Structure formats: C-alpha cells, structure tokens
Amino acid sequence: CDDEKTAVTFAKQVHEKLNHNDLVSNIGITQGEVLLFPLQSGFEIAGGPVNVASKLAEDSGKAGKILVEESVTVDQPSAEPFTFTISKVEIKGKYL
C-alpha cells in the first residue's frame, strides 16, 4: 500500500470478510522497503518488513488478530499495545 491508513483499512476489510465466513485470520502489518523478484509463475517479495509481518501473523500466538508493528501509525482508539520477543527479536506495536 502507498500509505499506512490504506494498509490498515484493507487489512480490516479482509479480516472482517474472512471472519464473516468463519475463517480465522492473522494479519501482520509493518512498513519499509522490500525487494520484488520476478519468477516464472509470478513474483517473490523479500526483505525485513516481510519477515517482521510474517512473524507477527504466524509466530505471535494471537489467533484472529491484526498486529500492527510500532513503525505504522494506528489511529484506532480500541487498539491495544503489545510487545513480543520472537526469534530473539523484540517487536512492539498494537493489536486491532
């Protein structure tokens, strides 16, 4: 996404749609530069932000949450702060 608000709004829409269909989703959001590599069947995306977002979504142990890393501005009054240490990396942010 081009901006933080768009990313958070999109994540909430996807999360709500999946929940409506009884599917539990975990979404991690962060920001930063990534690399895009062309493959025969599409593209591969890599970089630090991809790894952090993946750790938030996959390794946080928080099912059914949107986890937004502290580098991303969250304008949601109901957002709750979190701090995790995953793979020896401390990650801070907010739950939605």
Side-chain angles (χ1 to χ4, degrees):
C1 295
D2 291 331
D3 64 80
E4 298 165 347
K5 187 175 181 180
T6 301
V8 171
T9 299
F10 177 72
K12 288 177 75 175
Q13 291 170 344
V14 169
H15 194 257
E16 289 170 11
K17 185 69 169 179
L18 292 170
N19 283 344
H20 178 75
N21 291 309
D22 297 323
L23 297 170
V24 176
S25 64
N26 303 329
I27 299 173
I29 300 175
T30 190
Q31 67 174 346
E33 292 186 20
V34 297
L35 301 171
L36 191 63
F37 300 98
L39 301 173
Q40 280 185 309
S41 61
F43 290 92
E44 175 71 29
I45 187 169
V50 175
N51 296 336
V52 171
S54 174
K55 287 187 179 305
L56 287 172
E58 304 272 330
D59 301 334
S60 69
K62 300 293 181 183
K65 298 282 186 184
I66 299 172
L67 294 101
V68 183
E69 194 259 338
E70 70 180 347
S71 68
V72 178
T73 302
V74 177
D75 188 23
Q76 303 285 323
S78 62
E80 299 176 37
F82 68 78
T83 301
F84 294 119
T85 301
I86 302 172
S87 302
K88 298 181 182 180
V89 175
E90 184 175 86
I91 304 172
K92 296 180 180 183
K94 295 186 178 179
Y95 294 112
L96 300 181

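The model shown is predicted, which means the values in this text are computed figures rather than measured ones.
- Within the model, atoms CG of Leu67 and CD1 of Ile91 stand 9.5 Å from one another, a figure rounded to the nearest 0.5 Å.
- Atom-to-atom distance recorded for His15:NE2 and Ile27:CD1 is 5.5 Å, nearest 0.5 angstrom.
- Side-chain heavy atoms closer than 4.5 Å link hydrophobic residues (I, L, V, M, F, W, Y) into clusters, and following such links, possibly through other members, connects Val14 to Val68.
- Every pair tested for ring-ring contact (aromatic ring centres under 6.0 Å, His included) that includes a residue from residues 20-77 fails, sequence neighbours excluded, so the list is empty.
- Side-chain polar atoms of Thr85 and Glu90 form no donor-acceptor pair below 3.5 angstrom.
- In this pair, Tyr95 and Phe84 present their aromatic rings perpendicular. The plane angle is above 60°, beyond the 30 to 60° band.
- For the atom pair CD (Glu16) and CD1 (Ile66), the distance works out to 7.5 Å, reported to the nearest 0.5 Å.
- Counting heavy atoms from C-beta on, the side chains of Leu35 and Ile45 never come closer than 4.5 Å.
- Note that CG of Asn19 and CG of Leu23 are 8.5 Å apart. Values are rounded to the nearest 0.5 Å.
- Residues Thr30 and Ser71 share a closest heavy-atom pair of OG1-OG, 3.6 Å.
- Pairs of residues two or more places apart, or lying in two chains, never qualify as side chain to side chain donor-acceptor pair (under 3.5 Å) while including a residue from residues 33-54.
- Side-chain contact annotation: Lys55 with Ser60, donor-acceptor N/O pair under 3.5 Å absent.
- If you take CG on Leu96 and NZ on Lys12, they are separated by 6.5 Å, rounding to the nearest 0.5 Å.
- The two residues Ala79 and Val74 have their closest heavy-atom pair at CB-CG1, 4.1 Å.
- Taking 4.5 Å as the limit, every side-chain heavy atom of Glu70 sits out of range of all side-chain heavy atoms of Lys94.
- The closest donor-acceptor contact from the side chain of Asn26 to the backbone of Glu58 lies at 3.5 Å or more, if one exists at all.
- Counting all heavy atoms, side chain and backbone alike, Ala57 lies closest to Gly28 at CB-N, 3.6 Å.
- Atom CG of residue Asp3 and atom OG1 of residue Thr9 lie 8.0 Å apart, to the nearest 0.5 angstrom.
- Residue Asp75 qualifies as open at atom CG: its count of foreign heavy atoms under 6.0 Å is 12 or below.
- Residues Ile86 and Val52 share a hydrophobic cluster, clusters being chains of Ile/Leu/Val/Met/Phe/Trp/Tyr side chains in contact below 4.5 Å.
- Using a 4.5 Å cut-off on side-chain heavy atoms (C-beta onward), Ile29 and Glu69 make no contact.
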